[in-house]
Structure formats: structure tokens, C-alpha cells
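Have a look at the structure below before the remarks.
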There are 2 protein chains.
Amino acid sequence: MQSRIPARRATGRPRSAAADAAILAATREALVELGWSKLTLVDVACRAGVAKTTLYRRWAGKNELVVDAVAELFDALRLPDRGSLAADVEGVVLQFAAILARPEARSGLMAVVAESTRDEALRDRIRASIVDRQKRLVLEGRSRAQARGELPAETDPEATARTVDLIFDVVAGAVVHRTLVSAEPADEEWVRGFTRVLLLGLAGAVGPA
Amino acid sequence: MQSRIPARRATGRPRSAAADAAILAATREALVELGWSKLTLVDVACRAGVAKTTLYRRWAGKNELVVDAVAELFDALRLPDRGSLAADVEGVVLQFAAILARPEARSGLMAVVAESTRDEALRDRIRASIVDRQKRLVLEGRSRAQARGELPAETDPEATARTVDLIFDVVAGAVVHRTLVSAEPADEEWVRGFTRVLLLGLAGAVGPA
DNA sequence: GCCCTTACGCTACGAGTCGTAGCGAAACCA
DNA sequence: TGGTTTCGCTACGACTCGTAGCGTAAGGGC
């Protein structure tokens, strides 16, 4: 969310918040039309109606800009109480799949993750802006299921953190792999099957059809 | 595996197979040292000891070259019979994690997947060279578990295909997300927890510790 | 309302990469 | 040996990058 290169003091002309929003929207628009590799900062600046130098004053480069532009997409995720753990999981996974079906998320997300393998600062930025922000969904669904008696209460906070991380990697990883690597839609049928495996396990899922 | 741009006839001077191997090895070497974004074909050609034009005669571009270079890494995956489904899963997941821990796989794989979101031909290439090639592991582990009586035999071939695809996305997706997005190691402890969830499901896994 | 500070738009620049074309020489098959 | 293709080399125009320098605009502190 923050613009990486901070304004230095509280005095002087403040940065235009409207420009910030226009730039991020223009970045997503360019991601849709051009994809990651053909996206240039000049093009984004032109679409946003600002000068190229304005971009460089706020973001260190293409990587950081796209992370911020993509991160906003995932803030739309919600976890309404649908009555059961299975229904909650299916609901949020379908939302996640819908976001990953959008071209600006598809081309942007994987690209910055790829770049982050050689850039520790970028990795931290992704973690803070995207990953950790959405772990709240796992935490909330989990405590809700515990309140319903669907999951046992865990006492050890360290074990809890490990479990939450694990669930997050399984859920997010499966959806991402399905939509981006296997390149097939995570539709309702697939989500039902996935939720079944997640809750019941391999043996329990294929058994009683 | 094939070089995308085929030699036209059986006559004339054949292409050097040694050059092919040298180029792919040089590509992996460059991926380690430079990463995806700073990798240039001139650099690869220089490392491999061939001319830049030779690269362009065999591969359409950087994307196709890196797919072939990375695909070879995953052919090392094996599925030895370790006596139980859980042990088999743990074994192959640890191998997969070890490959994804190598920098040439980390930076290369995600980058080409990102590019493939806007390039259908590249997507097909990845699917053929990497994804479908490794689905054999799921098929083999599954039939082995069925022979042991750990999994029920499925009769409908269409349902079987769906299940295999689902399992593959869950396993591969979870490991990829853990190592590349969460950027934490998929070590033995994590793999044990993951296998537990995969086989027993969420409720069964956190219950009997 | 004035001055100080900063953001902004614009232009220009050197450096680097891209993919292609054209050439002579070398290697292989029939 | 003749025909065919690959290979190494060089050069090329087009493009993108990130930065610097300038004059101007827009705020905040007093």
C-alpha cells in the first residue's frame, strides 16, 4: 500500500493521492492489455496521465509497482458465515478463483513472485502486502469452525501458527496451480472436490461418493 | 525436449547435439547467477560457447529456452516404493521440494508460468514438458496404494482423471506456494504435516496428534 | 498573503538489449 | 564430390531503460 519511496517531510507540496490511484489503475489496465513482459513504465505513465518521472519518484521500479497494483485486488476477499466449514471454504475458494481468473492478476502475480526469488526486499513486500494480509481468512474460518465444534481447539500457539501456514499454502497453492499451471478453471465442481479432500483427506474423499 | 524449431530435412549438416546440451546447461547456469529478468540470450550463448544466432535458430525466444532448461530438472523425480501411501507421498514431496530449492528452478519456473498466461503455445509447451510428464507420479502412487488396499479402486475413468488432476494440483501447488510464495523451506517437518492433512483431512489431522 | 519546500511535467541523454540479415567456412549425407 | 544445412561472426535499426536538469505549479508554516 505505501509507496516505497516516502515523501521526505510534511512540508512542501504533498503528493497527489489521485495520481496514486490513477497509476495503480493504469498498471492493472496495462497488465490486462500487454501482460507483464510487454508492460513498460512509460506506457503506464501515459495511461495514468502523469509523467514517467513521477512513477520513478514513487516506486523503485516495475516490480514494486505491480505488487501494489495486484495487492489491491485481493483485498476484496471476504469470508461470510455460510453455516459450515465446508461451505465457508467453498465460498472463499471460489472468490479467490474468480480473482485469479482476471488477467491482471494472472500475469502480474506470478511474475512478481518469480522476481522475488532473487530479491529479498520484494519478497518481504509481497509477504506484507498480499500473503500475510489474506491469512486472516484462514484464521477466521478456523476459529469459526472451532466454535461450531467442527475442529478441535488447539492450545499450543506455535502449533497453531504452523497449522494456519500449512492450510494457507495448501488452499492458495492448489487454486493457483489449478488456474495458472494446469490452466484449467477452478469452477464449482472442482472446488467441491477440493474441499472434500481438504476436509476428509484422500481416503475419506474418494470413498463415499 | 524437442527444440521447437525443427531441422528441415535429413540431409545437410545435422545440428550439434552437444551444443544443445551445452546451451541448456548454460541457461541453467545463467538462471542461477542472473535470474530470469537479467538473463540475456547473448550471455547464454557466450557461456555455452556458441554464437547468438545459433540460439535463435533452435528456440523461438527466451521463454521456450527456459522451459526446456527447467523441464530437465524435474525428470529426476522418482517414486520408490516405501511401503505405505504416506511414506511414498513424503518421499516424492521431499524430492520435489529439493528441486524447487535450487535457484535455477525457482526463478525459471515461475517466470515461464507467468509468461504463459498470455501465450497459449507456451502454456501447451509447459504442460507437455513439465506438468503432464510428472503426473505419472500421482498415477503410480495411486495404483500402488490401491493395490495395498489404502485407497478404494475407482471404476469411472473420467472420475479417475479428475481425481488425479486434483491431487496433482494440491500436492504441487502446496509445495510451490510454500517454497516460492511463503518463501519458507518445505522441510521434513512441514512435509509430515502436509501428508497428514492430505491423507486424513483437516479434522483428522489436527485431532490425534 | 508571503515564502519556503516539495511535487510535477517535460526533454534529452548514454547505455544496454532485442531480433534479424548477410556472409564465408565447415560438416555431414547421398 | 556435389548438394544442403549448420555455424560463427559482424553489423544493423529499433526499442527500452533509468537518470538528470530545468522551469513551473501547489501546497504548508508563519
Side-chain angles (χ1 to χ4, degrees), chain A residues 2-24 26-27 30-31 33-67 107 111-112 115 118-119 121-122, chain B residues 2-27 30-31 33-66 107 111-112 115 118-119 121-122:
Chain A
Q2 78 276 7
S3 302
R4 191 67 181 170
I5 299 176
R8 305 218 172 136
R9 295 183 193 178
T11 176
R13 176 178 177 179
R15 286 192 181 153
S16 162
D20 252 63
I23 291 171
L24 291 175
T27 304
L31 275 176
E33 291 182 22
L34 305 173
W36 162 266
S37 56
K38 296 187 179 178
L39 180 148
T40 71
L41 292 197
V42 238
D43 188 274
V44 171
C46 188
R47 289 170 192 266
V50 301
K52 179 174 69 160
T53 45
T54 300
L55 281 175
Y56 283 102
R57 286 193 191 97
R58 305 187 184 202
W59 284 276
K62 188 167 154 179
N63 295 339
E64 292 76 10
L65 173 62
V66 171
V67 169
S107 49
V112 293
E115 290 303 306
R118 309 210 95 244
D119 184 340
L122 187 65
Chain B
Q2 78 275 8
S3 303
R4 192 64 181 170
I5 298 175
R8 305 219 174 136
R9 296 184 193 178
T11 174
R13 176 177 175 179
R15 286 190 179 154
S16 161
D20 252 63
I23 291 170
L24 291 174
T27 304
L31 275 175
E33 291 184 22
L34 304 173
W36 163 265
S37 56
K38 296 187 178 177
L39 179 147
T40 70
L41 293 197
V42 238
D43 188 275
V44 170
C46 188
R47 289 171 193 265
V50 302
K52 179 174 69 157
T53 45
T54 300
L55 280 176
Y56 282 102
R57 286 193 191 98
R58 304 187 185 202
W59 283 276
K62 190 168 153 178
N63 294 339
E64 291 76 9
L65 174 62
V66 172
S107 49
V112 292
E115 290 302 307
R118 307 210 97 243
D119 184 340
L122 188 64

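Note that the coordinates shown come from a computational prediction; the quantities given were computed from them, not determined experimentally. Here is the naming used below: chain letters follow the sequence lines, and residue numbers restart at 1 for every chain.
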Could you give the [atom1]-to-[atom2] distance, from [X] to [N], as a whole number of Å?
X	N	atom1	atom2	value
A/Tyr56	D/dG21	OH	C1'	17 Å
A/Trp59	D/dG18	CH2	C1'	17 Å
A/Arg58	D/dG18	CZ	P	18 Å
B/Leu55	C/dG19	CG	P	11 Å
A/Lys62	D/dG18	NZ	P	9 Å
B/Arg15	D/dC7	CZ	P	6 Å
B/Lys38	C/dA15	NZ	P	19 Å
B/Arg57	C/dG19	CZ	C1'	13 Å

If you round to the nearest 0.5 Å, how far is CG of A/Leu65 from OG1 of A/Thr27?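 A/Thr27 atom OG1 to A/Leu65 atom CG measures 3.5 Å (nearest 0.5 Å).
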
Short side-chain N/O contact from A/Thr54 to OP1 or OP2 of C/dG9, under 4.0 Å: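 Answer is yes, contact under 4.0 Å.
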
Start with the C-alpha distance between A/Trp59 and A/Val67, add both sets of side-chain angles, then the distance that settles side-chain contact (heavy atoms from CB on, under 4.5 Å), and finish with yes or no. CA-CA 10 Å; A/Trp59 284 276; A/Val67 169; over 6 Å; no

Quick one, A/Lys62 with A/Trp36, criterion side-chain contact (heavy atoms from CB on, under 4.5 Å). Give me CA distance, side-chain angles, the key distance, then yes/no. CA-CA 9 Å; A/Lys62 188 167 154 179; A/Trp36 162 266; 3.8 Å; yes

Go through C/dG19, D/dG18, D/dT16 for me and flag the one nearest to the A/Leu41 side chain.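 The answer is D/dG18.
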
Do you know the tightest heavy-atom contact between [X] and [Y]?
X	Y	answer
A/Arg118	B/Ser107	CG-CB, 4.4 Å
B/Ala19	B/Arg58	CB-NH2, 3.8 Å
B/Leu55	B/Leu41	CD1-O, 3.2 Å
A/Glu115	B/Ser37	OE1-OG, 3.1 Å
B/Arg47	B/Ala26	CB-CB, 3.7 Å
B/Lys52	B/Val42	CD-CG1, 3.7 Å

Within the 4.0 Å limit for protein heavy atoms, which parts of nucleotides 24-30 of chain D are touched? Write it as a string from 5' to 3', B for base, S for sugar-phosphate only, - for none. -BBBS--

Specify the residue among B/Lys52 and A/Val50 whose closest nucleotide of DNA chain C lies further upstream toward the 5′ end.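 Its nearest nucleotide lies further toward 5', so the answer is A/Val50.
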
What's the angle between the local helix axes at either end of the helix from C/dG1-D/dC30 to C/dA30-D/dT1, using five pairs per end and rounding to 10 degrees?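 About 40°, once rounded to a multiple of 10°.
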
Measure distances between side-chain N and O atoms of A/Thr53 and base N and O atoms of C/dC8, and say whether any donor-acceptor pair falls under 3.5 Å.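 In this structure, the two groups form no donor-acceptor pair.
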
